[in-house]
Amino acid sequence: MSTIGQLNPSPRLLLGPGPSDAHPRVLTAMTTPLLGHLDPQFLQIMDETQDLLRATFQTSNRLTFPISATGMAGMETCLVNLLEPGDRIVVCAKGFFGQRMIEVAGRTGADVTALQRPWGEVFDLNQIREVLATVRPKVLSIVHAETSTGAWQPLEGLGALCHEFGTLLVIDTVTSLGCVPVCLDAWQVDAAYSCSQKGLGCPPGLAPVSFSDRALEAMRARKTRVQSWYLDLAILEKYWGPERLYHHTAPITMIYALREGLRIVQEEGLDTRWARHMRNHLALKAGLTALGMRYTAAEGNQLPQLNAVRIPEGVDDLAGRKLLLDEFGIEVGGGLGEFKGKAWRIGLMGYNSRPGVVLHFLGALEQCLQRLGASLTPGAGVAAANAFYRGQAS
Ligand SMILES: *Cc1c(COP(=O)(O)O)cnc(C)c1O
């Protein structure tokens, strides 16, 4: 075993679909000493984390806390607690993560209706109204920021529409929380889940979730027990609530991280943070467009934090990403599912949404594209981004 050296990962700039780089203050928080998971000081930290999460989700939902696992466990928590065998759910799928929801919902024994849109598109309320009226499902679920396509699903009015039909609304905010507006109460969302490693600037390992009173009522009315013991909210809420009944050992260091990440979100202010993501996205977009690249999602539906673009004609997917990683230490994401080999996904999430990152990336990308034979105007990407920033400054 002596050949296994000390851990020494190369410096990277994580511009893929997640994880994104953690904020330096988050990493510092993670090196502070451990507390016991039932230490009164840690219990206070748990409460503070829940308060910060409510502010970030813009909700007064009492049941708001992080699941000790990644975003997928958030998805699973929402679906296994709200669905019993035979319940009807409509899953709106327009990309990879919508497909995942179909798979996870199906395993609960629920009767799943998949409402599909072509990859890269978004749903409109009329299409959803139609299916609600015919299926009358207990739950409708939808992805807010579809990370596989870069498409931004509008959610205004969807909660009210679902409630007209007595349906609960579940939303995936894994790539949206901390980057674009997420307003659970104003949108009348019944259950939402997210993750720590994308817009919140923390390492992977936690999945914030939040449930409305309506969702709680539906859980109380269950006839069968939740299939999963670990994700059963009826017991988890006794751990995160005032009873403090031991359920599992909270990942102390990750809770420190999330608390610090959320503190940074609140210090910056939600509006300022969303505006920052939009500004750096528009600069990146100006640069990418000048280099001849096109987005996979339609104009108006493009996520600022996840820029999915078609790989330029004649450029090899793997060779391009390898050059970026080997020469510049920059990671971007490849395409998933239908976009495999056809798209790159460039994340500007949380801490990484900065002008310096945009300019650095565009400069590196230009060199890689040129070396791989793409035709482009030298300097055009950086120049266009700078012109955008200049226009904003005046
Ligand atoms: C990343 C992602 C997930 C899965 O989260 P993990 O932390 O990888 O488990 C789920 N939904 C969406 C939209 C995502 O982007």
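These figures come from a predicted structure and were not determined experimentally. Atoms within each ligand, like the ligands themselves, are counted from 1 in listed order.
Considering only non-hydrogen protein atoms, atom 15 (O) of ligand 1 sits nearest to Thr147 OG1, 2.3 Å. Among protein heavy atoms, the minimum distance from atom 3 (C) of ligand 1 is reached at Phe97 CE2, 3.4 Å. If you check which protein heavy atom lies closest to atom 11 (N) of ligand 1, you get Asp172 OD2, 2.7 Å.
With a 6.0 Å cutoff to the six-membered ring centre and a 45° limit on the axis angle, Lys198 does not count as a cation-pi contact of Tyr193. Both tests hold for Lys285 against Tyr295: distance to the six-membered ring centre under 6.0 Å, angle to the ring axis within 45°. Cation-pi contact between Arg390 and Phe388: absent, since separation from the ring centre below 6.0 Å together with deviation from the ring axis within 45° is not met.
Of all atoms in ligand 1, numbered sequentially from 1 with element shown, those under 4.0 Å from a heavy atom of Gly71 are 5 (O), 6 (P), 7 (O), 9 (O). Interface atoms of ligand 1 facing Lys198, defined by a heavy-atom separation under 4.0 Å, are 1 (C), 2 (C), 3 (C), 14 (C), 15 (O). Counting atoms of ligand 1 from 1 in the listed order, those under 4.0 Å from a heavy atom of Thr175 are 14 (C), 15 (O). Atoms of ligand 1 found under 4.0 Å from any heavy atom of Ala145, numbered from 1 in the order shown, are 13 (C).
Considering backbone and side-chain atoms together, Met72 places an N or O closer than 3.5 Å to an N or O of ligand 1. Among the atoms of Thr70, some N or O lies under 3.5 angstrom from an N or O of ligand 1.
Residue Gln197 touches ligand 1 through its side chain alone, judged by heavy-atom distances below 4.0 Å. In Arg100, neither the side chain nor the backbone holds a heavy atom less than 4.0 Å from any atom of ligand 1.
Ion pair Arg107/Glu76 not flagged as a salt bridge, since none of the NZ, NE, NH1 or NH2 atoms sits closer than 4.0 Å to an Asp/Glu carboxylate oxygen.
When the side chains of ILVMFWY residues are joined at heavy-atom separations under 4.5 Å, either directly or via intervening members, Met349 and Val26 end up in two distinct hydrophobic clusters.
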